[in-house]
Structures are given as C-alpha cells and as structure tokens.
Amino acid sequence: MNIHIYPKEELLAAWNRDKEHFQPDAVTPPRCLRCGQPLDRHFPVNALSRALDVYICEACGTAEGLGDWAGKTIPLRVWHAVANGRLQPVEKSDSDIVTLTPQCSFSHVFDGPKKVPPHSALPCPVSELVYSRADYDGRRWWMNWFLCQREPVTPELVPEIDAFSDALMKLPELQNLRSLTRACKLYAEPTTEPTEFNLYGETEHFYIWQRLITREKDYNLYCHFYEKAATPTNAAQ
Ligand SMILES: [Zn+2]
C-alpha cells in the first residue's frame, strides 16, 4: 500500500505538464499554480516553491518566503490551481494507493450510533474497530494500539490495518515533528485548536480518520479505523 496526500501529487503532475512550455523560454507561459497569474516566460525569473517541487511566479516566491518567515504557511487547498479546479486527477498506476484528504467524505460515521469501548468511558462510533496513538519523542515514533470492541479484530482485516499504518509511517511528512507540523499546515484540515489537524482516508474495508497534533511532548497522531461493513448507513444499503 502507498499513501498520497491530496493535492501534492496532483500539483506535481500539473507542474510536470506546465514545465514543457519552457524551451527554455515559454512563448505562452503557463499560469502560476499558486496565484493563477502567468509565470514569467523567462524560466529563471520564476521561483521554486518552498511547499513542494513546483515553480511559482516571482511574486508568489517572495510572498511564500515572507509567509514562512512569519510562520504563516498557506495551505495548498487555497492555491489557485486547487481552489479553481485546474488540477487533473492523477492516474493511479497502482490500485493500492490510498489518498489522504482534508475533507471528510464519511461524516455519517460520526453522526450515527455510538458505543462505549472497553478501555474508555468515552463513546465512539459503533463501527470503530481499533485505533492507534503515536508520539514522536524527538528521535523516533512510539505507537500503541487500542481495540474498540471486546472481540478481536477479524484476522482477514489485520493486514489492511497493518499495511496502512506501515505506509503512513514511511511518509516523509511523518519523518519528525517539524515535517508533520509543516504537512499539517499545507495539507490538513484545521480545527478550532491551532495545534490540531485532521486528515481522512479510505481503504477497501475502512474509513480512516487521523487527528494530527503538532505539540511537543504530547501524543501527535491518532489513527481511527471504522469498519465500512459495520457503519449503519453502509449496512442499510
Ligand atoms: Zn503566483
């Protein structure tokens, strides 16, 4: 399993197409992915983005630099190419790719009935099977697992949970707390708490909600697995 974080691959693919216009100068320069204005037709005038390996216009390069300096990173979802639907879906050569997005497509999981898991008095959705909790101690990640029902996880589902978890921890965005913090600002859904963010994904049998926490000396990543077959709306279909 491999994990993509939207819209990273889509922006990289767009830039791969756009850069073909420069030979080395562009007759009709493509639009800046960040602001929508035309790039400079003379390639070196444009700037390599600090967010990912794509070129943006000179003005955006300066704005990004100033924003980074002030600790204000603009999320990729507000880039012109993303917000205005200029991106094309990335062809997945591998069907085993999971995309994480800042938008939840399974809110019915949280709106539905709840249960009280064995290890906690806090109710959780009935379909929650298991969750992991991880913290980064400055050198490495430490992860624990919690079962949300009294019965063990069906053996057939275990490899899917393991594969997702393994792929997640291999992401460069989770290399350390600094990279996690940057990824949260660029890719994740903000919450009312400025140090907490959400990402959502879906595998064959699970909806997956991740809560990412950028505080030091705290738990930094919760990953909740909701079994699709046990989600009331799905079961009723
Ligand atoms: Zn621009």
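Numbering of ligands and ligand atoms starts at 1, following listing order. For clarity, every value in this text was computed on a predicted model and none was experimentally measured.
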Q | Parallel, tilted or perpendicular, as decided by the 30° and 60° cut-offs, for the rings of Tyr222 and His224 | A | parallel
Q: Check whether the side chains of Thr203 and Glu160 place a donor and an acceptor atom closer than 3.5 Å, and report yes or no.
A: yes
Q | Atom of Leu180, atom of Leu212 and distance for their closest heavy-atom approach | A | CD1-CD2, 3.4 Å
Q: Tell me the protein N, O or S atoms under 2.8 Å from the Zn ion (ligand 1), in chain and number order.
A: Cys32 SG, Cys35 SG, Cys57 SG, Cys60 SG
**Q.** Ring-ring centroid check Phe225 Tyr207, cutoff 6.0 Å
**A.** no
Q: Decide if atom CZ of Arg178 counts as having more than 12 heavy atoms of other residues, nucleotides or ligands within a radius under 6.0 Å.
A: no
Q.
Tell me whether Arg140 forms a cation-pi arrangement with Trp142, defined as NZ or CZ under 6.0 Å from the six-membered ring centre and within 45 degrees of its axis.
A. yes
